[in-house]
Protein chains: 2
Amino acid sequence: MTSPTLDSQIRGRLAEAGVRYTNGRQQVVAALVAADGPRSAAELHEQIAGAVPLSSLYRSLAVMADADVLAPHHGTKGVTRYELAEWLAGHHHHLVCVDCGTVDDIELPSRLEATLHDLVDAVADSGDFAAAGHALEVVGRCKACA
Amino acid sequence: MTSPTLDSQIRGRLAEAGVRYTNGRQQVVAALVAADGPRSAAELHEQIAGAVPLSSLYRSLAVMADADVLAPHHGTKGVTRYELAEWLAGHHHHLVCVDCGTVDDIELPSRLEATLHDLVDAVADSGDFAAAGHALEVVGRCKACA
DNA sequence: TTCCTTGCAAACGATTTGCATTGGA
DNA sequence: TCCAATGCAAATCGTTTGCAAGGAA
(Lines give C-alpha, C1' and ligand atoms only; values in the text may rest on other atoms or scores of the structure.)
Protein backbone atom coordinates (compact mmCIF):
# COMPACT_ATOMS: atom_id res chain seq x y z
CA MET A 1 0.00 0.00 0.00
CA THR A 2 2.85 2.30 0.81
CA SER A 3 4.13 3.96 -2.35
CA PRO A 4 7.71 3.11 -3.35
CA THR A 5 8.88 6.70 -3.06
CA LEU A 6 7.31 7.26 0.34
CA ASP A 7 8.80 4.02 1.49
CA SER A 8 12.28 4.95 0.39
CA GLN A 9 12.03 8.38 1.98
CA ILE A 10 11.19 6.70 5.24
CA ARG A 11 13.88 4.08 4.88
CA GLY A 12 16.41 6.80 4.16
CA ARG A 13 15.40 8.90 7.12
CA LEU A 14 15.50 5.91 9.45
CA ALA A 15 18.92 4.91 8.15
CA GLU A 16 20.18 8.41 8.93
CA ALA A 17 18.89 7.95 12.44
CA GLY A 18 20.65 4.60 12.64
CA VAL A 19 17.57 2.47 12.96
CA ARG A 20 16.24 -0.28 10.74
CA TYR A 21 13.11 -0.35 8.65
CA THR A 22 12.04 -3.83 9.61
CA ASN A 23 9.12 -5.83 8.41
CA GLY A 24 7.04 -5.00 11.44
CA ARG A 25 7.73 -1.30 11.08
CA GLN A 26 6.74 -1.37 7.44
CA GLN A 27 3.45 -2.91 8.40
CA VAL A 28 2.86 -0.20 10.97
CA VAL A 29 3.67 2.52 8.45
CA ALA A 30 1.42 0.93 5.85
CA ALA A 31 -1.42 0.90 8.35
CA LEU A 32 -0.86 4.57 9.10
CA VAL A 33 -0.73 5.46 5.43
CA ALA A 34 -4.00 3.66 4.87
CA ALA A 35 -5.62 5.53 7.75
CA ASP A 36 -7.16 8.95 7.27
CA GLY A 37 -6.08 10.26 10.63
CA PRO A 38 -3.85 9.56 13.63
CA ARG A 39 -4.03 6.06 15.12
CA SER A 40 -3.22 4.67 18.56
CA ALA A 41 -1.03 1.68 19.29
CA ALA A 42 -4.10 -0.39 20.10
CA GLU A 43 -5.86 0.62 16.88
CA LEU A 44 -2.80 -0.21 14.82
CA HIS A 45 -2.32 -3.47 16.64
CA GLU A 46 -5.81 -4.48 15.66
CA GLN A 47 -5.46 -3.19 12.13
CA ILE A 48 -2.44 -5.38 11.48
CA ALA A 49 -4.16 -8.31 13.17
CA GLY A 50 -1.68 -8.59 15.99
CA ALA A 51 1.21 -9.16 13.59
CA VAL A 52 3.36 -7.09 15.93
CA PRO A 53 2.98 -7.46 19.69
CA LEU A 54 2.02 -4.34 21.58
CA SER A 55 5.33 -3.88 23.32
CA SER A 56 7.23 -3.93 20.05
CA LEU A 57 4.63 -1.70 18.50
CA TYR A 58 5.09 0.90 21.22
CA ARG A 59 8.84 0.72 20.81
CA SER A 60 8.66 1.10 17.06
CA LEU A 61 6.31 4.06 17.33
CA ALA A 62 8.68 5.76 19.76
CA VAL A 63 11.72 5.07 17.60
CA MET A 64 10.06 6.34 14.44
CA ALA A 65 8.75 9.42 16.21
CA ASP A 66 12.29 10.11 17.46
CA ALA A 67 13.51 9.82 13.90
CA ASP A 68 10.87 12.34 12.83
CA VAL A 69 9.10 9.85 10.60
CA LEU A 70 6.01 9.82 12.79
CA ALA A 71 4.42 12.53 14.89
CA PRO A 72 2.46 11.97 18.11
CA HIS A 73 -0.96 13.46 18.61
CA HIS A 74 -2.63 13.95 21.99
CA GLY A 75 -6.19 14.72 21.15
CA THR A 76 -8.35 12.59 23.31
CA LYS A 77 -8.14 11.40 26.86
CA GLY A 78 -5.45 8.95 27.77
CA VAL A 79 -4.29 7.72 24.40
CA THR A 80 -1.51 8.87 22.11
CA ARG A 81 -2.14 8.55 18.41
CA TYR A 82 0.51 8.71 15.72
CA GLU A 83 0.51 9.93 12.17
CA LEU A 84 3.12 10.41 9.46
CA ALA A 85 5.31 13.43 10.11
CA GLU A 86 4.41 16.64 8.31
CA TRP A 87 7.22 16.41 5.77
CA LEU A 88 5.76 13.07 4.65
CA ALA A 89 2.04 13.64 4.99
CA GLY A 90 1.88 17.34 4.23
CA HIS A 91 0.69 20.06 6.57
CA HIS A 92 -2.86 19.57 7.70
CA HIS A 93 -5.24 19.98 10.60
CA HIS A 94 -7.70 17.85 12.52
CA LEU A 95 -11.38 17.48 13.03
CA VAL A 96 -11.99 16.02 16.46
CA CYS A 97 -15.39 14.55 17.24
CA VAL A 98 -16.46 15.38 20.78
CA ASP A 99 -18.66 12.31 20.93
CA CYS A 100 -16.69 9.39 19.55
CA GLY A 101 -13.21 10.87 19.77
CA THR A 102 -12.45 10.12 16.15
CA VAL A 103 -9.80 12.33 14.60
CA ASP A 104 -9.84 13.07 10.90
CA ASP A 105 -7.38 14.99 8.79
CA ILE A 106 -8.37 18.12 6.95
CA GLU A 107 -6.38 20.33 4.68
CA LEU A 108 -7.14 24.01 4.66
CA PRO A 109 -7.45 25.89 1.38
CA SER A 110 -4.06 27.53 0.89
CA ARG A 111 -5.50 31.00 1.26
CA LEU A 112 -6.87 30.13 4.69
CA GLU A 113 -3.67 28.38 5.65
CA ALA A 114 -1.71 31.49 4.76
CA THR A 115 -4.02 33.58 6.89
CA LEU A 116 -3.61 31.19 9.79
CA HIS A 117 0.13 31.25 9.40
CA ASP A 118 0.21 35.04 9.53
CA LEU A 119 -2.01 34.92 12.55
CA VAL A 120 0.35 32.64 14.42
CA ASP A 121 3.29 34.83 13.49
CA ALA A 122 1.51 37.82 14.90
CA VAL A 123 0.86 36.00 18.15
CA ALA A 124 4.41 34.71 18.49
CA ASP A 125 5.92 38.13 17.88
CA SER A 126 3.94 39.63 20.68
CA GLY A 127 5.41 37.47 23.42
CA ASP A 128 8.54 35.71 24.49
CA PHE A 129 7.69 32.46 22.83
CA ALA A 130 9.49 30.97 19.84
CA ALA A 131 6.74 29.54 17.66
CA ALA A 132 7.75 26.44 15.75
CA GLY A 133 4.39 25.50 14.36
CA HIS A 134 0.69 25.45 14.97
CA ALA A 135 -2.15 23.01 15.26
CA LEU A 136 -5.74 23.88 14.63
CA GLU A 137 -8.29 21.49 15.98
CA VAL A 138 -11.81 21.93 14.80
CA VAL A 139 -14.04 20.46 17.46
CA GLY A 140 -17.51 19.22 16.72
CA ARG A 141 -19.57 16.22 15.83
CA CYS A 142 -18.70 13.97 12.94
CA LYS A 143 -21.28 12.81 10.42
CA ALA A 144 -21.85 9.55 12.27
CA CYS A 145 -22.45 11.28 15.60
CA ALA A 146 -24.46 14.26 14.39
CA MET B 1 -8.01 34.64 45.48
CA THR B 2 -11.18 33.72 43.67
CA SER B 3 -13.28 36.82 43.10
CA PRO B 4 -16.67 36.89 44.83
CA THR B 5 -18.57 37.11 41.57
CA LEU B 6 -16.66 34.29 39.91
CA ASP B 7 -17.18 32.20 43.00
CA SER B 8 -20.91 32.74 43.05
CA GLN B 9 -21.21 31.99 39.35
CA ILE B 10 -19.51 28.69 39.98
CA ARG B 11 -21.53 27.95 43.10
CA GLY B 12 -24.72 28.69 41.18
CA ARG B 13 -23.79 26.49 38.25
CA LEU B 14 -22.83 23.62 40.54
CA ALA B 15 -26.08 23.97 42.45
CA GLU B 16 -28.00 23.69 39.19
CA ALA B 17 -26.11 20.49 38.52
CA GLY B 18 -27.01 19.24 41.97
CA VAL B 19 -23.50 19.11 43.36
CA ARG B 20 -21.89 20.96 46.24
CA TYR B 21 -19.20 23.57 46.22
CA THR B 22 -17.21 22.14 49.07
CA ASN B 23 -14.11 23.47 50.70
CA GLY B 24 -11.83 21.17 48.78
CA ARG B 25 -13.43 22.12 45.49
CA GLN B 26 -13.03 25.79 46.27
CA GLN B 27 -9.36 25.23 46.86
CA VAL B 28 -9.04 23.45 43.53
CA VAL B 29 -10.84 26.26 41.74
CA ALA B 30 -8.70 28.88 43.47
CA ALA B 31 -5.57 27.06 42.34
CA LEU B 32 -6.86 26.99 38.78
CA VAL B 33 -7.76 30.66 38.86
CA ALA B 34 -4.28 31.48 40.10
CA ALA B 35 -2.71 29.43 37.31
CA ASP B 36 -2.09 30.93 33.91
CA GLY B 37 -2.91 27.77 32.01
CA PRO B 38 -4.45 24.30 32.35
CA ARG B 39 -3.26 22.19 35.27
CA SER B 40 -3.18 18.44 35.88
CA ALA B 41 -4.46 16.65 38.95
CA ALA B 42 -0.89 16.08 40.13
CA GLU B 43 0.04 19.72 39.62
CA LEU B 44 -3.01 20.90 41.52
CA HIS B 45 -2.41 18.37 44.25
CA GLU B 46 1.03 19.82 44.78
CA GLN B 47 -0.15 23.40 44.49
CA ILE B 48 -2.65 22.95 47.31
CA ALA B 49 -0.05 21.09 49.34
CA GLY B 50 -1.92 17.80 49.38
CA ALA B 51 -4.92 19.40 51.06
CA VAL B 52 -7.12 17.16 48.93
CA PRO B 53 -6.09 13.55 48.28
CA LEU B 54 -5.62 12.60 44.67
CA SER B 55 -8.65 10.37 44.45
CA SER B 56 -10.97 13.11 45.67
CA LEU B 57 -9.23 15.58 43.44
CA TYR B 58 -9.87 13.43 40.39
CA ARG B 59 -13.48 13.02 41.39
CA SER B 60 -13.97 16.73 41.92
CA LEU B 61 -12.38 17.55 38.60
CA ALA B 62 -14.68 15.10 36.86
CA VAL B 63 -17.77 16.42 38.62
CA MET B 64 -16.95 20.03 37.86
CA ALA B 65 -16.14 19.25 34.26
CA ASP B 66 -19.50 17.48 33.96
CA ALA B 67 -21.16 20.58 35.34
CA ASP B 68 -19.36 22.65 32.71
CA VAL B 69 -17.43 24.64 35.27
CA LEU B 70 -14.12 23.16 34.18
CA ALA B 71 -12.90 22.02 30.78
CA PRO B 72 -10.40 19.22 30.15
CA HIS B 73 -7.38 19.73 27.97
CA HIS B 74 -5.31 16.95 26.38
CA GLY B 75 -2.20 18.68 25.24
CA THR B 76 0.74 16.62 26.30
CA LYS B 77 1.38 12.95 26.61
CA GLY B 78 -0.64 11.00 29.07
CA VAL B 79 -1.98 13.71 31.32
CA THR B 80 -5.27 15.57 31.33
CA ARG B 81 -5.14 19.16 32.45
CA TYR B 82 -8.14 21.24 33.48
CA GLU B 83 -8.96 24.89 33.20
CA LEU B 84 -11.99 27.06 33.90
CA ALA B 85 -14.69 26.62 31.27
CA GLU B 86 -14.83 29.20 28.50
CA TRP B 87 -17.86 31.01 29.87
CA LEU B 88 -15.86 31.68 33.05
CA ALA B 89 -12.37 32.22 31.72
CA GLY B 90 -13.16 33.74 28.36
CA HIS B 91 -12.25 32.31 24.98
CA HIS B 92 -8.53 31.86 24.56
CA HIS B 93 -5.86 29.67 23.03
CA HIS B 94 -2.72 27.88 24.17
CA LEU B 95 1.00 28.06 23.77
CA VAL B 96 2.42 24.59 24.20
CA CYS B 97 6.14 24.21 24.84
CA VAL B 98 7.55 21.22 22.99
CA ASP B 99 10.34 20.84 25.52
CA CYS B 100 8.83 21.12 28.98
CA GLY B 101 5.18 20.54 28.09
CA THR B 102 4.06 23.72 29.82
CA VAL B 103 0.80 25.15 28.53
CA ASP B 104 0.10 28.86 28.75
CA ASP B 105 -3.01 30.78 27.86
CA ILE B 106 -3.02 33.41 25.18
CA GLU B 107 -5.79 35.62 24.01
CA LEU B 108 -5.88 36.60 20.37
CA PRO B 109 -6.53 40.19 19.38
CA SER B 110 -10.23 40.29 18.54
CA ARG B 111 -9.53 41.01 14.89
CA LEU B 112 -7.45 37.85 14.61
CA GLU B 113 -10.00 35.86 16.57
CA ALA B 114 -12.70 36.97 14.17
CA THR B 115 -10.55 35.88 11.26
CA LEU B 116 -9.95 32.52 12.84
CA HIS B 117 -13.63 32.10 13.52
CA ASP B 118 -14.49 32.79 9.90
CA LEU B 119 -11.83 30.36 8.87
CA VAL B 120 -13.29 27.56 10.95
CA ASP B 121 -16.74 28.31 9.59
CA ALA B 122 -15.41 28.00 6.08
CA VAL B 123 -13.86 24.64 6.88
CA ALA B 124 -16.96 23.31 8.55
CA ASP B 125 -19.20 24.36 5.70
CA SER B 126 -17.11 22.45 3.23
CA GLY B 127 -17.61 19.05 4.83
CA ASP B 128 -20.09 16.97 6.71
CA PHE B 129 -18.91 18.01 10.11
CA ALA B 130 -20.84 20.14 12.58
CA ALA B 131 -18.25 22.48 14.08
CA ALA B 132 -18.91 23.37 17.70
CA GLY B 133 -15.70 25.20 18.41
CA HIS B 134 -12.03 25.40 17.71
CA ALA B 135 -8.73 25.20 19.50
CA LEU B 136 -5.56 26.75 18.23
CA GLU B 137 -2.36 25.47 19.74
CA VAL B 138 0.76 27.41 19.02
CA VAL B 139 3.64 25.00 19.40
CA GLY B 140 7.13 26.14 20.20
CA ARG B 141 9.59 26.74 22.95
CA CYS B 142 8.80 28.85 25.98
CA LYS B 143 11.14 31.51 27.31
CA ALA B 144 12.66 29.12 29.84
CA CYS B 145 13.39 26.45 27.23
CA ALA B 146 14.52 28.69 24.37
C1' DT C 1 -32.83 11.32 57.15
C1' DT C 2 -31.16 11.58 52.63
C1' DC C 3 -27.79 12.16 49.41
C1' DC C 4 -23.41 14.03 48.22
C1' DT C 5 -18.63 13.82 49.38
C1' DT C 6 -14.41 12.03 51.32
C1' DG C 7 -10.34 8.79 51.99
C1' DC C 8 -8.11 4.78 51.70
C1' DA C 9 -6.88 0.84 49.27
C1' DA C 10 -7.40 -1.99 45.42
C1' DA C 11 -8.26 -2.20 40.47
C1' DC C 12 -7.50 -0.56 35.68
C1' DG C 13 -5.85 0.69 31.15
C1' DA C 14 -2.20 2.64 28.53
C1' DT C 15 2.54 2.57 28.14
C1' DT C 16 7.34 1.30 29.48
C1' DT C 17 11.14 -1.65 30.67
C1' DG C 18 14.37 -5.81 31.94
C1' DC C 19 16.14 -9.63 29.97
C1' DA C 20 17.27 -13.27 27.03
C1' DT C 21 16.82 -14.33 22.06
C1' DT C 22 16.67 -13.48 17.19
C1' DG C 23 17.86 -11.10 12.95
C1' DG C 24 20.00 -8.01 9.62
C1' DA C 25 23.97 -5.46 7.44
C1' DT D 1 30.43 -10.29 14.18
C1' DC D 2 27.95 -6.57 16.25
C1' DC D 3 24.31 -3.94 17.37
C1' DA D 4 19.48 -3.20 16.67
C1' DA D 5 15.00 -5.39 17.13
C1' DT D 6 11.80 -8.69 19.14
C1' DG D 7 8.71 -11.03 22.61
C1' DC D 8 7.36 -12.09 26.82
C1' DA D 9 6.46 -10.95 31.48
C1' DA D 10 6.76 -7.73 35.08
C1' DA D 11 6.77 -2.97 36.38
C1' DT D 12 5.05 1.97 36.13
C1' DC D 13 2.08 5.81 35.71
C1' DG D 14 -2.06 8.32 35.43
C1' DT D 15 -6.63 7.57 36.56
C1' DT D 16 -10.86 5.14 38.28
C1' DT D 17 -13.69 2.66 41.53
C1' DG D 18 -15.61 -0.10 45.76
C1' DC D 19 -16.66 0.64 50.16
C1' DA D 20 -17.29 2.47 54.70
C1' DA D 21 -17.29 6.86 57.21
C1' DG D 22 -18.24 11.95 57.44
C1' DG D 23 -21.02 16.23 56.34
C1' DA D 24 -24.44 19.39 54.59
C1' DA D 25 -29.32 20.43 53.64
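By convention in this document, chain letters (A, B, ...) are assigned in the order of the sequence lines, proteins followed by strands, and residues within each chain are numbered from 1.
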- Have A:His92 and A:Glu107 got a donor and an acceptor in their side chains that come within less than 3.5 Å? no
- Query: Distance only, no hydrogens: is a donor on one side chain within 3.5 Å (strictly under) of an acceptor on the other, for B:His73 and B:Glu137?
  - Reply: yes
- Query: Between A:His94 and A:Glu83, does any side-chain donor sit less than 3.5 Å from a side-chain acceptor?
  - Reply: yes
- Item | Close side-chain approach of A:Gln26 and A:Ile10, heavy atoms under 4.5 Å | no
- Message: Distance alone, cut at 3.5 Å: any donor-acceptor contact between the side chains of B:Ser110 and B:Glu113?
- Response: no
- Task: Report which part of the nucleic acid B:Val19 touches: base, sugar-phosphate, or nothing (heavy-atom distance under 4.0 Å, all strands).
- Result: sugar-phosphate
- Message: By the 4.0 Å heavy-atom rule, please label A:Thr80 as base, sugar-phosphate, or nothing.
- Response: sugar-phosphate
- Message: Does anything in residues 49-58 of chain B come within less than 4.0 Å of DNA chain D? Heavy atoms only, and list the residues if so.
- Response: B:Ser55, B:Tyr58
- Got a second to check how far A:Asp36's CG is from A:Asp104's CG, nearest 0.5 Å? 5.0 Å
- Query: Just checking A:Ser60: base, sugar-phosphate only, or nothing, at a heavy-atom cut-off of under 4.0 Å?
  - Reply: sugar-phosphate
- Task: Without swapping roles, check the side chain of B:Ser60 against the backbone of B:Leu57 for a donor-acceptor pair under 3.5 Å.
- Result: no
- Message: Both A:Asn23 and B:Gly78 contact DNA chain D. Which one's nearest nucleotide lies toward the 5' end?
- Response: A:Asn23
- If you walk 5' to 3' along DNA chain C, what is the first nucleotide with an atom under 4.0 Å of a heavy atom in chain A, and what is the last? C:dA14 to C:dG24
- Query: Checking A:Glu43 side chain against A:Ser40 main chain: does a donor-acceptor pair fall under 3.5 Å?
  - Reply: yes
- Relative to the ring of B:His134, is the ring of B:His93 parallel (under 30°), tilted (30 to 60°) or perpendicular (over 60°)? parallel
- Measure the distance from NE2 on B:His74 to C1' on D:dG14 and round it to the nearest whole Å. 13 Å
- Query: Given atom CG of B:Asp66 and atom C1' of D:dT16, what is their separation to the nearest angstrom?
  - Reply: 14 Å
- Query: In the single-linkage hydrophobic clustering (I, L, V, M, F, W, Y; side-chain heavy atoms under 4.5 Å), do B:Val96 and A:Val79 co-cluster?
  - Reply: no
- Sugar-phosphate atoms are those with a prime plus P, OP1 and OP2; base atoms are the rest. Using that split, label each nucleotide of nucleotides 19-25 of chain D B, S or - for protein heavy atoms under 4.0 Å, 5' to 3'. B---BB-
- Message: So for atom CD, which belongs to B:Gln9, do other residues, nucleotides or ligands contribute more than 12 heavy atoms lying within a distance under 6.0 Å?
- Response: yes
- The residue, B:Lys77 or B:Gly18, whose nearest nucleotide of DNA chain C is more 5′ is B:Gly18
